[in-house]
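Small disclaimer: the values here were computed from a predicted structure and weren't measured. Order of listing sets the numbers, starting from 1, for every ligand and every atom in it.
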Amino acid sequence: MDNSFKFSAVVAGAGISGATVAARLAAAGLRVLVLEAKAHAGGNCYDCRDAGTGILVHKYGTHIFHTDDKRAWDFLSRFTAWHPYFHKVLAQIDGALVPVPFNLNSVRRVFPPVLAARIEGKLLERFGFGARATILELRGSADADLRLLGDYVYEKVFLHYTLKQWGKTPEEIDPAVTARVPIFASRDDGYFRDRYQAIPREGYTALIGNMLAHPNIELRLNTPWEAARACVPAGTPIFFTGAIDEFFGFKFGELPYRSVSFEFVEYAREYFQPVACVNYPCHFDFTRIGEYKHFLGEKSPKTVVSFEYPAAFERGKNERCYPIANAETAALYARYADEARRAFPQTRFLGRLGDYKYYDMDKAVLRALDAAEEFLRAF
Ligand code: UDP
């Protein structure tokens with residue numbers, strides 16, 4: 001990369017955020033260089049065929065695309081056909097497999113019929129059919145039965161899972177995190193309520209590959225930003241989707257993350273479990289087991305699952321998966337964001353690691369589309 005540098009913008013990171021920016025800029029006629037540290041594109045959405053079974057597995061854990069936003073859906077639909085898939089999660093609780101988020105079916109499954117009917121009546125009366133309630137609302141309720149439900153779900157679904165997942169109690173983490181999984185006064189066993197829910201028919205790696213397969217895009221794999229940055233001419237607009245603290249050499253300190261290690265296990269039987277995800281809130285050291293053949297309805301006499309073991313993120317040892325939202329990390333992130341605005345006005349930070357935000361895939365796409373479009377308006 002010298003004076004023959006012919007790119008209008010550089011994107012660091014070929015995950016879903018970077019690929020979205022690159023695809024949008026390329027479609028507008030700009031030449032884009034995409035730098036990716038890993039040997040593959042796809043970021044944490046990366047999937048590939050399991051060697052033993054041929055089943056498509058998500059190497060960094062189960063990813064289910066879901067959105068209420070037509071713009072995100074339409075944008076990605078240019079690059080993939082979809083397999084409609086409605087995610088259901090069961091949790092192993094008191095010897096039963098119970099739908100999560102907790103709903104009226106879950107109530108019937110775990111409580112004796114008389115109590116279940118009473119709780120159901122009160123949920124419907126207090127919140128209305130189809131409404132959602134957070135665990136905090138139920139535990140703070142004036143009604144003893146609703147409090148009982150709240151305390152039960154807190155103990156059996158949230159407390160131990162959250163201790164494993166975050167190393168902290170639900171009270172010690174940002175309430176928005178557990179509010180992702182509310183309680184529903186309905187019989188819908190679906191994990192999400194979004195209008196669009198699907199898996200890319202050829203997988204996420206193929207989707208992101210298609211996004212990057214534009215003649216205006218050059219993708220360089222095995223190219224960490226640190227190794228390439230000196231060769232990018234000053235003033236080149238940069239979209240940086242890596243970790244913002246790393247970009248600045250951790251000068252204000254390190255932003256913490258939770259990581260997850262995945263143990264993939266093959267079984268010589270058709271199915272391991274009835275749905276793609278079974279959570280183990282109260283048992284074992286793993287949080288959940290994902291069984292991949294459910295996603296695309298793949299047929300095989302064998303199956304492959306992953307056990308998820310959460311852990312602290314350690315640089316060089318594992319991957320950054322979840323930003324940890326609290327007042328301290330918000331203040332640290334703000335110092336980096338201020339420094340970015342001050343010293344690197346040509347560099348836009350985005351994605352889970354650039355914004356230090358627990359984005360779902362659709363939110364990452366929307367954030368990246370906004371960043372690309374804002375840039376194009378000023379270009
Ligand atoms: N959670 C829980 N028990 C469950 C499912 C979720 O305690 O059975 C909590 C946990 O703190 C988790 C958060 O809710 O980190 C969000 O769950 P979600 O399934 O959205 O997490 P993700 O799929 O993004 O890992």
Side-chain angles (χ1 to χ4, degrees), residues 16 43-45 58-67 85-94 96-103 106 109-110 132-136 138-139 150-184 189-194 197 199 204 256-262 273 275-292 295 306-313 319-326 351-353 357-364:
I16 199 160
N44 280 10
C45 305
H58 304 172
K59 271 297 181 196
Y60 305 94
T62 53
H63 279 68
I64 300 98
F65 187 77
H66 59 100
T67 190
Y85 167 80
F86 290 86
H87 194 44
K88 288 186 179 176
V89 174
L90 298 172
Q92 172 75 49
I93 298 172
D94 289 347
L97 285 178
V98 179
V100 167
F102 233 72
N103 63 33
S106 323
R109 196 87 181 81
V110 301
R132 65 175 68 196
T134 65
I135 181 82
L136 286 172
L138 288 175
R139 295 187 86 205
D151 289 344
Y152 182 92
V153 175
Y154 175 82
E155 168 70 25
K156 301 288 186 178
V157 179
F158 285 97
L159 176 60
H160 306 286
Y161 186 107
T162 300
L163 281 168
K164 285 191 273 187
Q165 172 70 16
W166 299 96
K168 291 185 163 57
T169 65
E171 293 76 24
E172 291 169 332
I173 64 171
D174 183 342
V177 173
T178 47
R180 289 166 61 89
V181 187
I183 290 163
F184 287 107
D189 287 340
Y191 201 66
F192 306 114
R193 293 293 176 276
D194 295 312
Q197 304 184 36
I199 307 287
Y204 292 97
Y257 287 85
R258 286 302 274 179
S259 186
V260 185
S261 81
F262 298 92
Q273 58 193 30
V275 291
C277 262
V278 174
N279 290 2
Y280 289 80
C282 302
H283 301 91
F284 306 109
D285 298 329
F286 51 83
T287 47
R288 55 189 174 189
I289 301 178
E291 184 174 29
Y292 291 90
F295 288 133
S306 65
F307 294 72
E308 295 191 21
Y309 293 89
F313 164 68
E319 300 289 332
R320 294 178 176 92
C321 296
Y322 299 91
I324 298 174
N326 60 37
R352 258 196 198 195
L353 308 186
K357 251 203 179 128
Y358 187 175
Y359 287 130
D360 286 333
M361 288 182 281
D362 64 327
K363 300 299 186 302

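Nearest non-hydrogen protein atom to atom 2 (C) of ligand 1 is Tyr161 CD2, 3.3 Å. At the top of the distance list for atom 4 (C) of ligand 1, counting protein heavy atoms only, stands Asn279 ND2, 3.5 Å. Closest protein heavy atom to atom 20 (O) of ligand 1: Arg180 NE, 2.8 Å. Among all non-hydrogen protein atoms, the one lying nearest atom 16 (C) of ligand 1 is Val177 O, 3.6 Å. Nearest protein neighbour of atom 17 (O) of ligand 1, counting heavy atoms only, is Val181 CG2, 3.6 Å. Counting protein heavy atoms only, atom 18 (P) of ligand 1 is closest to Tyr191 OH, 3.6 Å. For atom 11 (O) of ligand 1, the closest heavy atom belonging to the protein is Thr162 OG1, 2.9 Å. Atom 21 (O) of ligand 1 has Tyr358 OH, 3.1 Å as its closest protein atom, hydrogens excluded (heavy atom only).
By the 4.5 Å heavy-atom criterion applied to side chains, Phe286 and Lys164 are not counted as neighbours.
Heavy-atom minimum distance, Gln197 versus Phe192: NE2-O, 3.5 Å.
A distance-only check finds a donor-acceptor pair linking the side chain of Arg352 to the backbone of Cys321 [under 3.5 Å]. Checking side-chain atoms of His63 against main-chain N and O of Asn44 turns up a donor-acceptor pair under 3.5 Å. In terms of modelled atom types and a separation under 3.5 Å, the side chain of Ser259 and the main chain of Glu319 share a donor-acceptor contact. Without hydrogens or angle criteria, His283 side chain to Pro281 main chain gives no donor-acceptor distance under 3.5 Å. In this structure a side-chain-to-backbone donor-acceptor pair under 3.5 Å is missing from Ser106 to Val98.
In the vicinity of Arg288, heavy-atom distances shorter than 4.0 Å reach the ligand 1 atoms 19 (O), 22 (P), 23 (O), 25 (O). Below 4.0 Å from some heavy atom of Tyr322 lie the following atoms of ligand 1, by number and element: 22 (P), 24 (O), 25 (O). Every atom of ligand 1 is numbered from 1 in the order shown, and the set under 4.0 Å from a heavy atom of Gln165 is 15 (O). The atoms of ligand 1 that sit less than 4.0 Å from any heavy atom of Trp166 are 11 (O), 12 (C), 15 (O).
Looking at Phe262, Tyr204, Phe65 one by one, the single match for ring-ring contact (aromatic ring centres under 6.0 Å, His included) with His58 turns out to be Tyr204.
With a 6.0 Å radius and a threshold of 12 heavy atoms from other residues, nucleotides or ligands, Arg109 has its CZ atom at or below the threshold.
Geometrically, ligand 1 and Val157 share a nitrogen or oxygen pair separated by less than 3.5 Å.
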